[in-house]
Each structure stands twice: as structure tokens, then as C-alpha cells.
Amino acid sequence: MMSQFDFDGQSFDGIAGVYDDVRPGYGTDVYAYIHTLKPYGRDSDILEIGSGTGIATREIADFWKARITALEPGDHLIAKAKERLRTYRNVELVKTRFEDFETTELFDSIFSATAFHWIDPGVKYEKAASLLKDNGLLAMYWNNFKLKDENMQDVVEEVYVRHGMQVYDEPVEEIQKENMQRRMDEIGCSGYFKLVAHQLFPHVFVYDAEAYIKLLRTFSDHSKGKVPQIEKLFQEIKELVLEAGSKVDVSVAVDLDVAQET
């Protein structure tokens, strides 16, 4: 079970180190595709919402060398981002929520990696539209996780059931498709943007047993607050991975939605 996050986005700040260690990036193919829609360069001004530990920020900076203003409210997350981006003079990290961000500047594009869903629905589209230059793009993308081996996925879900965690009747792929469609529908209903592109970019990452458990710790429903015996659950899953050869392949599909003002 690899579910969508359902807790306060600021909870990530408490696991900034873990998140930074095991969360993958998004891949140059994502940015290469965006470039076909609207090319950017050194003279472009990009706003990033929810930069976290700077994983996507560095990818954006490396691909376009653009000027980036990256917003992140978490103390520990932005500290990690500053460490990662300490040599990037074209990146300005601002400790603030998007809702509280004030500027007179307009941007060529707004990017948000695994963060846009945390913003107040009554604010995010209207404010994003107000900060974009004419024909500017709003690029939102998320990583969707599942175990590549379906048999292993089934065995892991049996562990979840034993520990009282919710397991959906639908396959993981179907749940992810429903989440994607909901996000696309939200853009269309916003009154400020229209969807101009939707793409999936599949990747596979290999995790050893220790790293896989760390990855699970970055998911909202894999917490002691949700599952009091979570450490026992992690130990059982770790043993399963070790028995299966010490490593697992994790399929990660990047869901990209690109929108433009109506």
C-alpha cells in the first residue's frame, strides 16, 4: 500500500533527514517535456512552491540555470535545502508558506513538486494566476509509488492487514489513476487555469531493506500516530525484503500536470 498523504504537510519537517535520504527525484525527462511546452533559460524567473529539502529545486536549477525563488515553511526542510543548494547563486530560498508569500514580481512559471495539494484550495489557483506573466505555466507533479513485484506487494499488504491498516480493494494503479483524475478535474474547475498537458513518466528505483523502511516512514499512514505498533510492522516488512534477496524494486510514476491561465 502506497497511499497519498493525508496529514498536515508540515509533518514532513519532523522527518526532513529521512525524506532527504530516500525520496527520489523526478527525472530530467519531466523537465525535458516541460521544455517542449515552454522553453526556459538563464533569464527566466521561476517560482517553486514547497521546495522541501531542495530535491526538485536542484533539478530545475541544473536543467535551465534559471533564477529560482523557492518557498518552504519548514525549518528542518529548508535547512536541508540550503545545504543542498549552497553553491547555487541563482536560487533564493524563502521561509514562508505560499499563502503568506508577498511579492510584486511576476514569474515565467510556477513549479510545485509533491506540494501543491497542501495549499488552501481557496487560495492556490487564484494566487498562482496573479503571480504569472502572460502565457506563464503552472507545472505540478507528484511521485506515485508501488512495489514492482505484485506478489511482494500482496505479501506486504497482508502485513498491513494484520496490523489493522487500511488496504484498498482496488489495485494501487487504480487508486493512483483516481487521484490523478481528481487533480486534473480540480484544475479545470478552478476558474483560473486550464489543463494543457498531462503526462506520466515511469521510473524504477532499487531500495535495500533499510532504505525501503525509511521510504515507508515518509508516508503519512505509516506513522505511530496512525498505527501504534508501527515498528513491529516495519520489522516484519524488513524481514520480508531480506528474505526476498535484501532489495526491492519500487516503481515510481511521476504524474505531471501542466496548466495555463484561462
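No hydrogens, no waters, no symmetry mates; every other heavy atom, side chains included, goes into these values.
The CD1 atom of Ile49 lies 5.0 Å from the CD1 atom of Ile110; values are rounded to the nearest 0.5 Å. Interatomic distance, CZ of Arg58 versus CD1 of Ile55, reported as 8.5 Å (0.5 Å rounding). Annotation: the span from Glu59 atom CD to Trp64 atom CH2 amounts to 10.0 Å, rounded to 0.5 Å. To the nearest 0.5 angstrom, Tyr125 atom OH is 12.5 Å from Tyr192 atom OH. Taking CG of Asp255 as the start and CD of Gln199 as the end, the distance is 10.0 Å to the nearest 0.5 Å. The line from CD of Glu126 to CG of Leu131 is 10.5 Å long, rounded to the nearest 0.5 Å.
Using a 30° and 60° split on the angle between ring planes, Phe101 and Phe107 fall in the tilted class, from 30° to 60°.
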Practice prompt. Begin from the C-alpha positions of Glu92 and Ile68 and carry the test side-chain contact (heavy atoms from CB on, under 4.5 Å) through to its verdict.
Written response: CA-CA 6 Å; Glu92 179 187 8; Ile68 301 170; over 6 Å; no
Practice prompt. For the pair Asp45 and Glu105, evaluate side-chain contact (heavy atoms from CB on, under 4.5 Å) and give the outcome as yes or no after the intermediate values.
Written response: CA-CA 9 Å; Asp45 292 299; Glu105 185 176 1; 3.6 Å; yes
Practice prompt. Any chance you could lay out the salt bridge (charged side-chain N to carboxylate O under 4.0 Å, His left out) test for Asp75 and Lys95, step after step, and finish with the verdict?
Written response: CA-CA 8 Å; Asp75 291 326; Lys95 187 180 177 302; 3.2 Å; yes
Practice prompt. Check the pair Ile60 / Tyr40 against side-chain contact (heavy atoms from CB on, under 4.5 Å), numbers first and verdict last.
Written response: CA-CA 10 Å; Ile60 297 166; Tyr40 301 105; over 6 Å; no
Fill in: Worked check of side-chain contact (heavy atoms from CB on, under 4.5 Å) between Lys238 and Glu210
CA-CA 7 Å; Lys238 182 177 180 180; Glu210 199 70 42; 2.8 Å; yes
Item to complete: Might you work through the salt bridge (charged side-chain N to carboxylate O under 4.0 Å, His left out) test for Glu99 and Lys127, ending with a clear yes or no?
Response: CA-CA 8 Å; Glu99 294 91 327; Lys127 185 163 186 174; over 6 Å; no
Worksheet item: After noting the C-alpha distance and the side-chain angles of Asp29 and His203, does the key distance pass the side chain to side chain donor-acceptor pair (under 3.5 Å) rule?
Response: CA-CA 10 Å; Asp29 49 353; His203 306 105; 3.1 Å; yes
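Distance alone, capped at 3.5 Å, places no donor-acceptor pair between the Arg67 side chain and the Ile46 backbone. Not one N or O on the side chain of Tyr31 forms a donor-acceptor pair closer than 3.5 Å with the backbone of Tyr26. Side chain of Asp257 to backbone of Met140: no donor-acceptor contact under 3.5 angstrom is found. Side-chain atoms of Lys65 come within 3.5 Å of backbone N or O of Asp62 as a donor-acceptor pair. Here the side chain of Glu72 pairs a donor or acceptor atom with the backbone of Gly52 at under 3.5 angstrom. Side-chain atoms of Arg86 come within 3.5 Å of backbone atoms of Glu83 as a donor-acceptor pair (strictly under, hydrogens ignored). With hydrogens and angles disregarded, no donor-acceptor distance shorter than 3.5 Å links the side chain of Glu261 to the backbone of Leu138.
The shortest side-chain heavy-atom distance between Leu256 and His198 does not fall under the 4.5 Å cut-off. With a 4.5 Å cut-off on side-chain heavy atoms, Pro73 and Trp118 do not count as touching. You'll find the side chain of Leu71 stays beyond 4.5 Å of the side chain of Ser51, heavy atoms only. The closest side-chain heavy-atom distance from Gln153 to Lys146 is below 4.5 Å. Side-chain contact between Glu48 and Phe98 is absent, with no heavy-atom pair separated by less than 4.5 Å. Annotation: side chain of Tyr207 is not in contact with side chain of Leu216 (no heavy-atom distance under 4.5 Å).
Residue Asp120 qualifies as enclosed at atom CG: its count of foreign heavy atoms under 6.0 Å is above 12. Environment of CD in Glu178: crowded, with over 12 heavy atoms of neighbouring residues, nucleotides or ligands closer than 6.0 Å. Summarising the local packing, CD of Glu173 is surrounded by more than 12 heavy atoms from other residues, nucleotides or ligands at distances under 6.0 Å. With a 6.0 Å radius and a threshold of 12 heavy atoms from other residues, nucleotides or ligands, Lys133 has its NZ atom above the threshold.
Between the side chains of Gln235 and Glu231, no donor N or O sits under 3.5 Å from an acceptor N or O. No hydrogens or angles considered: a donor-acceptor pair under 3.5 Å links the side chains of His163 and Glu236. Checking Tyr19 against His76 by side-chain atom types alone, no donor-acceptor pair falls below 3.5 Å.
Between Ile34 and Ala139, the closest heavy-atom pair is CD1-CB, 4.1 Å. A pairwise comparison of heavy atoms in Ala259 and Ile187 identifies CB-CG2, 3.8 Å as the closest pair. In terms of heavy-atom proximity, Ala66 sits nearest to Ser44 at CB-O, 3.6 Å. Between Arg84 and Gly54, the shortest heavy-atom contact is CD-O, 3.2 Å. Taking each heavy atom of Leu242 and Ala209 in turn, the nearest pair found is CD2-CB, 3.8 Å. Scanning all heavy atoms of the two residues, the minimum distance from Thr218 to Val18 falls at CG2-CG1, 3.9 Å.
Follow the hydrophobic side-chain contacts under 4.5 Å out from Phe63 and you never reach Leu47; the two are in separate clusters. Criterion: ILVMFWY side-chain heavy atoms under 4.5 Å apart, direct or through other members. Under it, Val258 and Leu195 are not part of a common hydrophobic cluster. Tyr141 and Phe116 fall into different hydrophobic clusters, where Ile, Leu, Val, Met, Phe, Trp and Tyr residues are linked whenever their side-chain heavy atoms come under 4.5 Å apart, directly or through other members. In the hydrophobic clustering of ILVMFWY residues, with side-chain heavy atoms under 4.5 Å counting as a link, Tyr33 and Val196 come out together. Both Val30 and Phe111 belong to a common hydrophobic cluster when Ile, Leu, Val, Met, Phe, Trp and Tyr are linked at side-chain heavy-atom distances under 4.5 angstrom.
Here ring pair (Phe, Tyr, Trp, His ring centres under 6.0 Å) pairs that include residues 226-262, with residues two or more places apart or in two chains, number zero.
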Donor-acceptor pairs under 3.5 Å, side chain of residues 246-253 to any protein atom, not counting sequence neighbours: which ones?
none

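Residues Asp100 and Arg97 are paired through a salt bridge, judged by an N-O separation under 4.0 Å between the basic side chain and the carboxylate. A salt bridge does not link Arg162 to Glu157: none of the charged nitrogens lies less than 4.0 Å from a carboxylate oxygen.
Looking at Gln181, Arg182, Lys177 one by one, the single match for side-chain hydrogen bond (donor to acceptor under 3.5 Å, both in side chains) with Asn179 turns out to be Arg182.
The cationic group of Arg183 lies under 6.0 Å from the six-membered ring centre of Trp142 and within 45° of the ring axis, placing it in a cation-pi geometry.
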